[in-house]
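Source: prediction; values computed, not measured.
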Amino acid sequence: MPELPDVEAYRRFFARHAAGHTVRRVVVTDPTIARNAAPDTLDRALRGRRFEEPERHGKWLLCWTDGPALLLHFGMTGDLVWSGDEPERHRWDRVILELEHGELRYRNMRKLGGVWLAHDREEADGVTGGLGPDALAVGRREFLQRLARRRGGLKALLMDQRFVAGVGNLIADEVLWQARLHPRRRAESLDDAARVELYRKMHWVLKESVERFDYVPRKRGWLNHVRGNPGAVCPRCRTPLARITAGGRTTYFCPTCQPE
């Protein structure tokens, strides 16, 4: 599942190829991928419009024109492809934006994401479903205020897109390992120092992932470098990693560094 760093990379890719360019035609090869508009409606709404700088909020990509916006969610297998890199269309290219200088294609094998049309900010907010602040952009004060009002397990909380938007399974495990917090530890049990450290590590992991890798990295010295490998041990203390379910997701942690 693409997480915030992956979608930020898509945002930059979209900006590089589409921002400032005019839509000649929108081709939808699979009508089911257009979630709230018929293919011809999508084409009529965007044809002749010029894309502005795209925005990202959590795992959503919001591609505004000088009129309506195209909203993209990538699900598990979504991607963006430029025709200059791949001249031939692929059978999983579900939406093709024909621009004056080439084609930008939304490719998605399993169709768990999709595209939406929004005519204004209010409609876009209705599509994205009440997201919390972006996990990379949220300031420390706002994060701590939101955290103080929440209860329950930390991993489930970090992945709740209404709390902060953009953190998924891999980032949540990495952040909690970096902060030395057990995935099932309850948010209300944290003291002030632990709350600040949770914010600091979340922001650092996301910033490092976005600025240096454009994806959730398997960086040496990070949990994700060994996460899921047979016989994996903690990169810090060499304790064998434990595997549990937390927040409904498969979760890896160090029993020594992250005691329950």
Side-chain angles (χ1 to χ4, degrees), residues 2-129 131 133-134 136-137 165-166 210-211 213-215:
E3 301 188 30
L4 187 154
D6 308 276
V7 181
E8 176 60 21
Y10 296 146
R11 189 198 68 78
R12 295 176 183 184
F13 188 88
F14 194 101
R16 184 162 65 250
H17 293 293
H21 294 283
T22 301
V23 179
R24 288 186 171 177
R25 186 169 66 135
V26 180
V27 177
V28 180
T29 64
D30 185 342
T32 65
I33 206 71
R35 303 300 190 186
N36 69 341
D40 58 340
T41 301
L42 202 61
D43 178 46
R44 287 197 306 270
L46 297 177
R47 186 181 293 213
R49 296 291 189 176
R50 186 180 64 186
F51 278 111
E52 300 175 349
E53 189 74 13
E55 303 172 5
R56 180 194 51 74
H57 191 152
K59 303 177 186 181
W60 284 86
L61 185 61
L62 293 79
C63 306
W64 288 97
T65 68
D66 49 358
L70 183 68
L71 277 55
L72 304 178
H73 198 282
F74 294 88
M76 294 183 69
T77 57
D79 198 4
L80 291 177
V81 179
W82 178 243
S83 60
D85 300 324
E86 293 188 28
E88 299 298 322
R89 294 180 181 177
H90 191 278
R91 64 191 177 112
W92 294 331
D93 291 340
R94 312 291 185 182
V95 178
I96 296 99
L97 301 174
E98 296 184 359
L99 308 171
E100 73 273 16
H101 66 310
E103 294 181 355
L104 186 60
R105 305 169 188 146
Y106 172 79
R107 180 175 295 175
N108 201 325
M109 178 181 68
R110 295 181 62 186
K111 301 192 296 182
L112 296 178
V115 303
W116 285 256
L117 180 67
H119 294 89
D120 52 38
R121 294 282 176 179
E122 184 177 359
E123 193 170 343
D125 290 344
V127 170
T128 57
L131 297 176
D134 184 79
L136 181 59
V210 164
E211 293 187 354
F213 294 93
D214 286 342
Y215 59 93

Query raised in the report: Ion pair present between D93 and R107, side-chain N to carboxylate O less than 4.0 angstrom?
Result: yes

Query raised in the report: Any side-chain heavy atom of W64 sitting closer than 4.5 Å to one from E55?
Result: yes

Query raised in the report: Would you say F213 and P5 make side-chain contact, with heavy atoms under 4.5 Å?
Result: no

**Report entry** Main-chain N/O of L4 paired with E8 side-chain donor or acceptor, under 3.5 Å
**Finding:** no

Query raised in the report: Under a 4.5 Å cut-off applied to non-hydrogen side-chain atoms, are L71 and L61 in contact?
Result: no

Query raised in the report: Any side-chain heavy atom of L70 within less than 4.5 Å of one from Y106?
Result: no

Query - Any side-chain heavy-atom pair of V95 and V26 under 4.5 Å - result: yes

Requested in this report: Indicate yes or no: does E53 engage R11 in a salt bridge with an N to O separation below 4.0 Å.
Outcome: yes

Query - Pair T77-L112, side chain to side chain contact (heavy atoms under 4.5 Å, CB included): steps then yes or no - result: CA-CA 8 Å; T77 57; L112 296 178; over 6 Å; no

Requested in this report: Would you mind reporting whether M109 and M76 have side-chain heavy atoms less than 4.5 Å apart?
Outcome: no

**Report entry** Any side-chain heavy-atom pair of R105 and H90 under 4.5 Å
**Finding:** no

Query - For F51 against C63, the heavy-atom pair lying closest together - result: CE2-O, 3.7 Å

Query raised in the report: Any donor-acceptor pair under 3.5 Å linking the side chain of R35 with the backbone of G113?
Result: yes

Query - Salt-bridge contact D125-R121 (side-chain N to carboxylate O under 4.0 Å) - result: no

Query raised in the report: Are the charged groups of E98 and R24 less than 4.0 angstrom apart, N to O?
Result: no

Report summary line: Of all heavy-atom pairs linking R94 and N108, the shortest is NE-O, 2.7 Å

Query raised in the report: Charged N to carboxylate O under 4.0 angstrom, D134 versus R56?
Result: yes

